[in-house]
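Reading through the C-alpha cells given below for one structure.
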Amino acid sequence: MCPAHDTEHVDDEPPFRYTAALALDLETRWQHWWDEHATYETPNPSGPLADPEALDNGRTKLFVLDMFPYPSGEGLHVGHPLGFIGTDVYTRFKRMTGHHVLYTMGFDAFGLPAEQFAVQTGQHPRLTTERNVTTYRQQLRRLGLGHDPRRAINTSDPRYYRWTQWIFSQIFNAWFDRDADDGRGRARPIGELIAMFEAGDRPTSDGRKWSRLNATEQAAEIDIHRLAYVADAPVNWCPGLGTVVANEEVTADGRSDRGNFPVFQRTMRQWMMRITEYADRLIDDLEVLDWPDSIKTMQRNWIGRSPGSRVRFDSPAGEVEVFTTRADTFFGATFIVLAPEHPLVASLTTGPHAPAVVEYKQEVRQRKDSERTDDTRAKTGVFTGSYAVNPFTRKEIPIWIADYVLMGYGTGAITGVPCGDQRDFEFARNYGLDIVPIQQPPDEWFEQHRMEPTLDTERWPEAYVGDAPYVNSSGKKLDLNGIESVRQGVDVTNEWLEATGHGEATVTYKLRDWLFSRQRYWGEPFPIVYDDMDIAHAVPDEMLPVELPDTESFSPRTFDPDDENSDPESPLGRLSDWVEVELDLGQGLRTYRRDTNIMPQWAGSCWYELRYCDPTNDDVLVDPDVERFWMGPRTDLRPDHPGGVDLYVGGVEHAVLHLLYARFWHKVLHDLGHVSSMEPYARLFNQGYILAAAYQDERGMYVEASEVERHDDGTYTFDGRPVWREMGKMGKSLHNGVSPDEMYEQYGADTLRLHLMATGPLDASRPWETRDVVGMYRFVQRLWRNLIDEETGELSITDEPATDDTRRLLHRTIDFVRQEMDALRMNTAIAKLVELNNHVTKLTSTPLEVAEPLVLMLAPVAPHMCEELWRKLGHEHTLTRHPFPEADQAWLLDDTIEIPVQVNGKLRSRVTVAVDADHAAVEQLALADPKVAAAIDGASPKKVIVVDGRMVNVVL
RNA sequence: GCCCCGGUAGCCCAAUUGGCAGAGGCAACGGCCUCAAAAUCCGUACGGUGUGGGUUCGAGUCCCACCCGGGGCACCA
C-alpha cells in the first residue's frame, strides 16, 4: 500500500510533514495564486498583449514550444508530460536567469483521432473535443506548468481556423517563381504572374497571347502555377477511412498510419500543395537548423534529392524519356524498362506480345504490397515487342516492362545497364539480355569474388558498381574510355547530352506534392467556391472564416477496407443548403458551390507557433513587430540564424509529417512577406518516451496491464489466463497507461515532476516503475524537514554561517546545477541537489545561506513546494523571476587536492598536493609515498607522467 | 540489406570528453523506533563497463570486427 493512503497510521504522523495531502493543499493553493497574479503572462512589444514597460528591463527573449497535444478521450498518461515538464523546468530556469519567456500550450483539436472518437461514441466531435480539452486543461494545470493562459489556442476554434483558411488562400493565390533569388526560387502573389502574362513578359504554356485565351483557359493557365491546386493525380485512397491520405500518412507496407487500413493507388481529382517546389530549400536550409542529425537525415531521405539526367530515346511510339543517376553508363544500356503503368506501354506493345503484356499488367495490379516490396523476389517483366534506338551506340535495344520500375519516380522509365546495376543485372540474367561491360573492375573486386579479372560478363557474379576505367565507351564525339571516375564520366556525358539535344542534367525528388484534401467532417473547410464554369475562387479574406457547418450527419461514409473501387463521399457534400451559396465576388451576387473537402490534420499545426505570439489579433495572423520580436532571426547569435522558435520539444514521430509541412508553410509565409523568420523551429529537441510493461494473451491481444498478476515463477496471468510481458511505449494501444491523477493523489505533482526529470536524460526513453517514485518523495520530505519543523509548521533554520565544507559544496552545486539546467540535463542537476540536501540533513540545523539557494535552485523542478518555502523564508513575492543563485568562484577551488598515483597504470596510492603545485613537486611527493615506493621496489622509473590536478602515473 | 542511436551494479542512470568506474534514485540487507509492523530516519554491500582485437604510460570514453536492443529507410534507377 502506498504510504500516504495508509490512513490507519496517519494520526501518528507529525502534522506538518510533507505528505501527499500537504502537497495537494499547497499545490492547488499556489496554482490558484499564480493564476490570480498572472504570474506566467508574458507581454508583447506591441498589439493587444503589449506592455512595453515590462519588456524594457534588459532581458533576452526566449520562445519555448511543446508539440501541442490532440485531446484524446483517454486523457493524459504519465508519459505525455515528460516533454512538457522538461520545457517547464527549462523556462522556469530561464526566467530566473534573465529571460523573457514565451511559453504556452494549445490543442490540436481537429482531425481524425478526435473525429473517430466522436463517431465511436456517437457524439458530435465538437462536444467530445470540448470535453476532452477540458480534461486535458485540468490535468495539465495540476502539473503546475507555467503557461501564459491567454495565449492558448484551439485549432478547431473558428477564430483560429479563420487564419488557417487565410493562409490557405495566400498559398492558393501564390505561385513559385523558380528564377527568383538567384535560382533559389520564391513564392510570389499570383497577381504578379497575371501581370506578367498580360504584359507579355511571360509566355503562356501553349504560346498563345494571354488576351486570346478565354476566361476558362486563363483560369486553367493560372491554376497550373498555383501553390495550391486541384488536379487529377495518383492518390492514396483509403476506403476504410473513407478518405484519401497523403504519402506521408501511408506506412511502408501500404496501409494508413491511422487505423492501419489498406490504401490503394487511384487517380482522383484532389487538392494538392506544391511542396515539391520547395524541395531544394527544405533540404538546403536543414544546414542552418539546430536539429538532431537523425531528424535531418529523415527529412533528407524523405525529400530524396538525386541529381541525374533525363535522356530521350527514339521509339516507334515517339520519344521515351528515361531518368538515370549514371549517365556515364549509356554505352552499356542494352534494354529499356518501363513501369507497367507507363502511358506509352499500350502504343509500344506489338500484336504478338499484347496478351502477355496485358496479363503482366493485371498480375502487377493484383500483387499485394507485401509481395511488391519484397526485394528478394526474382525480377520479372515482359517484352513489349518494340525497340528503341540507343543514341550513344545507335543500336536498337528492346523495350520491356517490369514492376521493379516505379511510375511514381523519375520518368517511370529506365535504361537497363546490367553490367553496372544489380537490379538490371538480375533482370538481364533472368531473360537472357546482353550484358555489355563498360568498366574494367579493379583487381580487388575479382579477388573478392575469387576469380581472375575478366571482361566476360557471363562469368561475373554480380554487377560492378563504382569507379573504374571505362571500356567500350566511345561513340560519335563522345569518348569516355580512359576516364576513371564516375563523377567525371557523368559530367562529360551530360555535356554531350545537352550539346546534342538528346537529354539534359536534371534533379529528381522522391518527395511528391502534398495531397491536401480529405473527405471527412472534423477539419477546416476550404475557403473555396466554384462558379458555374467550375472555376475555383478563393473566398475573400473578409468573409473568413468559412465556418464548419453544424450537422448531426458528421460520420464519413466509410467502406469495406478492401473495396478498392469505392469512391470518397464527403460529409460536407451532403449539406446542400451549405454547399450552395450566394456571394458577390466582384461580379454581383451569384450562386456558387462550396468546396466540400476539409483540410488534413496537419493544417492547424503548420503555423500555431505564430498564433501563440499574437493570439488575440483580429487584423493579421501575427503582428509583424510581434513576430520579429519572438521569432526573428537571431543574427546576434550567428550570422546564418534562420529565426523561429528558440526551442521546440516533441516526439520523433513527427520527423517527416508535421515538421516538413510546417517548414513549407512557414517558407511560403516568409516569401510573401508575412513573417521575418525563414524557418519555424530554430532548435529541435526530441524527448524520449515513457515505456511500460504490456501484456499479450494467447491471441496476441493486449490486456489491461494494471490487472495483470505476477507469479513467483516469473509468469504472468490476466483473469486467470497466461499472458506474456514486453516493454512498449505507454499508451492506449498497449493498454499500459498510468494516469498522472494517481500520482498526484499518492505523491503530489512536485514529486511526479521530480521523478520524471530525475530518472534519466530528457531525450532517453525509459520504463515507468510506479514503485520508484517514492525516491523523490523521500527527497522532498527530507528537504521540507530540513527547513520546516514538522510539529509546528514553522521555519526551522539557523542564521549561523555555514562551515567551509558546506559552503564549498553549496557553491559547487550552484555552479553545476546552472550548467546542467541550461543544457536540459535535469537528471544530473537533481542528483546534485539531492546530494546537497543529503549533506544538509546531516547538519544539526540548516543555515539560511544554504536554505535560500537550495529552494531557488529546486524551484524550476518543484515550483509549488519551493514557492511555499520561499514564502515561509519571509519573501513576499513569487520566486518566478528571482535571480537564480550565482556561484562564488572563490568557493569552487580547494587549496589542496588528493590525486591518485598509479604505477604502470595500476592505482597504488593517493597523495595530497597543493592545487598549484608544480610537476616536479608532485612527482617528488608521489615517489616518496611509501606504497608507491614499495610498488616501485627500488627500480628506477622510465617515465613519470603528471597530469595537472588529475593523477600521477609512474612508468617502470 | 542499408543508415542512425544505445548496451556501465538486480533495475533506472552519472562519470569533468583519454586520467581514482559511482553522483543520485529504486530494490536488497542491517540498525533505530515499535508489543509487532508499516512509514520515516541512520547505515551497509553490490559491478570493472555487451564480446573479441587494436592504439596509448593509461580506454567506459578513440579505432576495427562482431553480438544484442530501439528507431528510420528499403526494387528511388
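- Counting non-hydrogen atoms of other residues, nucleotides and ligands closer than 6.0 Å to CZ of A/Arg487 gives a total of 12 or fewer.
- Comparing A/Gly760 and A/Gln902 against RNA chain B, the residue whose closest nucleotide sits nearer the 5' end is A/Gly760.
- When the side-chain nitrogen and oxygen atoms of A/Arg423 are compared with OP1 and OP2 of B/rC76, one or more of them lie within a distance under 4.0 Å.
- B/rA65 and B/rU51 make up a base pair, with Watson-Crick or G-U wobble contacts both under 3.5 Å.
- At the heavy-atom level, A/Asn827 lies under 4.0 Å from the strands shown only through sugar-phosphate atoms.
- Within 3.5 Å, a donor on the side chain of A/Lys379 pairs with an acceptor on the base of B/rC75, or the reverse.
- Considering all non-hydrogen atoms of both residues, A/His919 and A/Val946 come closest at CE1-O, 3.5 Å.
- A donor-acceptor pair under 3.5 Å links the side-chain atoms of A/Tyr464 to the main chain of A/Asp467, judged by distance alone.
- Counting any heavy atom pair closer than 4.0 Å across all strands shown, A/Pro292 reaches no nucleic acid atom.
- Using a 4.0 Å heavy-atom criterion, one finds that A/Arg910 contacts the bases of the nucleic acid, with or without backbone contacts as well.
- The residue A/Glu769 sits apart from the nucleic acid: no heavy atom pair falls under 4.0 Å.
- Atom name C1', nucleotides B/rU49 and B/rU34: the rounded distance is 43 Å, in whole Å.
- Listed pair A/Lys296 / B/rC4 fails the phosphate criterion, with no side-chain N or O lying under 4.0 Å from OP1 or OP2.
- Residue contacts shown for A/Ile830 are absent, as no nucleic acid heavy atom lies under 4.0 Å away.
- Within 4.0 Å of A/Ser765, counting heavy atoms only, lie sugar-phosphate atoms of the nucleic acid but no base atom.
- A heavy-atom distance below 4.0 Å to RNA chain B is reached by none of the residues of residues 811-822 of chain A.
- Interface residues of residues 832-842 of chain A facing RNA chain B, ordered by number: A/Lys832, A/Val834, A/Glu835, A/Asn838, A/Thr841, A/Lys842; criterion, heavy-atom separation under 4.0 Å.
- A close approach under 4.0 Å does not occur between any side-chain nitrogen or oxygen of A/Thr828 and OP1 or OP2 of B/rC13.
- A donor N or O paired with an acceptor N or O is not found under 3.5 Å between the base of B/rU40 and the side-chain atoms of A/Arg778.
- If you check B/rG18 for Watson-Crick or wobble pairing at under 3.5 angstrom, you find it has no partner at all.
- Judged by distance alone, with hydrogens and angles left aside, the side-chain atoms of A/Lys510 form no donor-acceptor pair with the main-chain N or O of A/Ser306 at under 3.5 Å.
- An OP1 or OP2 oxygen of B/rC41 is reached within less than 4.0 angstrom by a side-chain nitrogen or oxygen of A/Arg782.
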Determine all donor-acceptor pairs shorter than 3.5 Å in which one atom belongs to a side chain in residues 827-836 of chain A; sequence neighbours excluded.
from, atom 1, to, atom 2, distance (Å)
A/Thr828, OG1, A/Glu820, OE1, 2.6
A/Thr828, OG1, A/Arg825, O, 3.1

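- Residue A/Met951 is classed as a base contact, given a heavy-atom separation below 4.0 Å to a base.
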